[in-house]
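See structure below.
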Amino acid sequence: MILVLKIAAILLLSFVIVFACFKMVMKRLLSNHRFFATISKSFYNYFYSLKDLHHLRTNNFGYAPIDEDIAHYDPDLQYGIQLYKELVKNHHGYLIPEKSAVVEVGCGKGAGAEFLLKKFNPGTYTGIDFSEKAINFCNKTYKQIPNANFICADAHRLPVDHNSVDVVINVESSHLYKDQDKFFSGVHNILKAKGKFLFTDYRRVKNCSIDTLEKQISDCGFSITEKRIITPQVKNACMLASERRNRLVEMAAPRYLKKYFRHYAVLNGTKKSAMLANGEIIYFIYHLEKK
Ligand SMILES: C[S@@+](CC[C@H](N)C(=O)[O-])C[C@H]1O[C@@H](n2cnc3c(N)ncnc32)[C@H](O)[C@@H]1O
């Protein structure tokens, strides 16, 4: 009996040690820029190639309530499109002038792009994403739109001319970038003088407070012209969309990834949903101007 207990204790201890080492190695690897980029790019390439999610052309938490002019969109896209609409307006109106040069970094499958192109008719729109699947999808789906083009590239190295852009858009993508300063400086570099950077995303307050974020923004040469904390509206969208998103997860995610997908989709009852509710995650909109 004692021998059995000893063997069980040794096995348990070995398991704990192996698990702790595995966690440590993963943490080290994930803090390595290249490894992290490879993992997140593979995830998005996989996510965007799921057949059951073909119609899902927005990929953000969303914003609620939705406006009347958004209500005709597929219900799985409405909250995501509304977030784009919220981002590009202030109390005086919309911030994308007709015929302007617009670049979006992290465009995903491009429903936001299509919305912006139809509503504002910019002179040029360039969507950038590091997922080949997303860019191939966009190039096929929106090929009829003459002033749009889509490029596969990394947010840390924007393949756009210096001083050539009027408005840069960035929706729920920057939290994935390892080097925020490099991204902000890259955006600053491609914008014309007084160009606008319309920026929405979330941060885990534990990892990056709003003060830290605003210091990074200012150090990279931007002034803040508008700031809105939209956590309640984003939380509301997640809550209202939870049932539909749960159906998509059940349909599309393999069994071993279901838990991860539920968390990713911010379904009711997940840790991420609780973090939005209790303030551990803050969702913001910033309108920035190149100084
Ligand atoms: C949460 S999705 C948002 C997509 C889109 N903005 C939307 O709201 O539907 C994040 C997007 O950022 C892209 N992304 C993440 N890291 C990137 C990087 N370093 N460079 C370019 N794109 C990146 C992903 O491929 C993904 O399409």
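Atoms within each ligand, like the ligands themselves, are counted from 1 in listed order. Since the model is a prediction, treat every value here as computed from it, not as a measurement.
The aromatic rings of Y264 and Y260 sit parallel, their planes meeting at an angle under 30°, below the 60° perpendicular limit.
Heavy-atom proximity to A153, at under 4.0 Å, picks out these atoms of ligand 1: 20 (N), 21 (C). The distance from ligand 1 to the heavy atoms of T58 drops below 4.0 Å at these ligand atoms: 9 (O). Close approach of ligand 1 to E172 is summarised as follows: ligand atoms under 4.0 Å from at least one heavy atom of the residue are 1 (C), 2 (S), 3 (C), 10 (C). Taking every non-hydrogen atom of C107 and a distance limit under 4.0 Å, the qualifying atoms of ligand 1 come out as 5 (C).
A salt bridge does not link E250 to R245: none of the charged nitrogens lies less than 4.0 Å from a carboxylate oxygen. Comment: D154 does not engage K41 in a salt bridge, judged by the lack of any side-chain N to carboxylate O separation of less than 4.0 angstrom. Between D166 and K196, no side-chain nitrogen of the basic residue sits less than 4.0 Å from a carboxylate oxygen of the acidic one, so the salt-bridge criterion is not met. Under a 4.0 Å N-O distance rule, the pair D219/K215 qualifies as a salt bridge.
In terms of N/O distances under 3.5 Å, ligand 1 is approached by A155. At a 3.5 angstrom cut-off on N or O pairs, Y44 does not count as close to ligand 1. Between Y48 and ligand 1, at least one pair of N/O atoms sits closer than 3.5 Å. Taking only nitrogen or oxygen atoms, main chain and side chain alike, Y84 reaches within less than 3.5 Å of ligand 1. At a 3.5 angstrom cut-off on N or O pairs, N59 counts as close to ligand 1. Looking at ligand 1, you won't find any N or O of S131 less than 3.5 Å from one of its N or O atoms. Any N or O atom pair closer than 3.5 Å counts here, and G106 shares at least one such pair with ligand 1. For ligand 1, the polar-atom distance check against D129 finds a nitrogen or oxygen pair separated by under 3.5 Å. When only interatomic distances are considered, the shortest N/O to N/O separation between V171 and ligand 1 falls below 3.5 Å. Annotation: F130 places an N or O atom under 3.5 Å from an N or O atom of ligand 1; distance criterion only.
Other residues, nucleotides and ligands place more than 12 heavy atoms under 6.0 Å from the NZ atom of K291.
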**OP:** I would like to know whether T124 and N147 meet side-chain hydrogen bond (donor to acceptor under 3.5 Å, both in side chains); could you show each step before the answer?
**Re:** CA-CA 5 Å; T124 59; N147 43 352; over 6 Å; no
Original post:
What do the steps show when you test H55 against D76 for side-chain hydrogen bond (donor to acceptor under 3.5 Å, both in side chains), and what is the final call?
Top reply: CA-CA 8 Å; H55 72 293; D76 286 331; 2.8 Å; yes
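The protein heavy-atom contact nearest to atom 19 (N) of ligand 1 is D154 OD1, 3.4 Å. Remark: minimum distance from atom 8 (O) of ligand 1 to any protein heavy atom is reached at N60 ND2, 2.8 Å. What sits closest to atom 12 (O) of ligand 1 on the protein, heavy atoms only, is S173 OG, 2.7 Å.
Not a single heavy atom of A37 sits under 4.0 Å from any atom of ligand 1. By the 4.0 Å heavy-atom criterion, A134 is excluded from the residues contacting ligand 1.
Heavy atoms of A111 found under 4.0 angstrom from ligand 1: none, in either backbone or side chain. Heavy atoms of S40 found under 4.0 angstrom from ligand 1: none, in either backbone or side chain.
With Q82 as the fixed residue, the side chain to side chain contact (heavy atoms under 4.5 Å, CB included) test singles out one of T58, I70, N60: I70. With H175 as the partner, the ring-ring contact (aromatic ring centres under 6.0 Å, His included) test is satisfied by one option alone out of Y202, F183, F36, F199: Y202.
Looking only at atom types and distance, the side chain of N149 has a donor-acceptor partner in the side chain of T126 under 3.5 Å away.
Within the 3.5 Å criterion, the main-chain N or O of Y286 finds no donor-acceptor partner in the side chain of K227. Side-chain atoms of K109 come within 3.5 Å of backbone atoms of H54 as a donor-acceptor pair (strictly under, hydrogens ignored).
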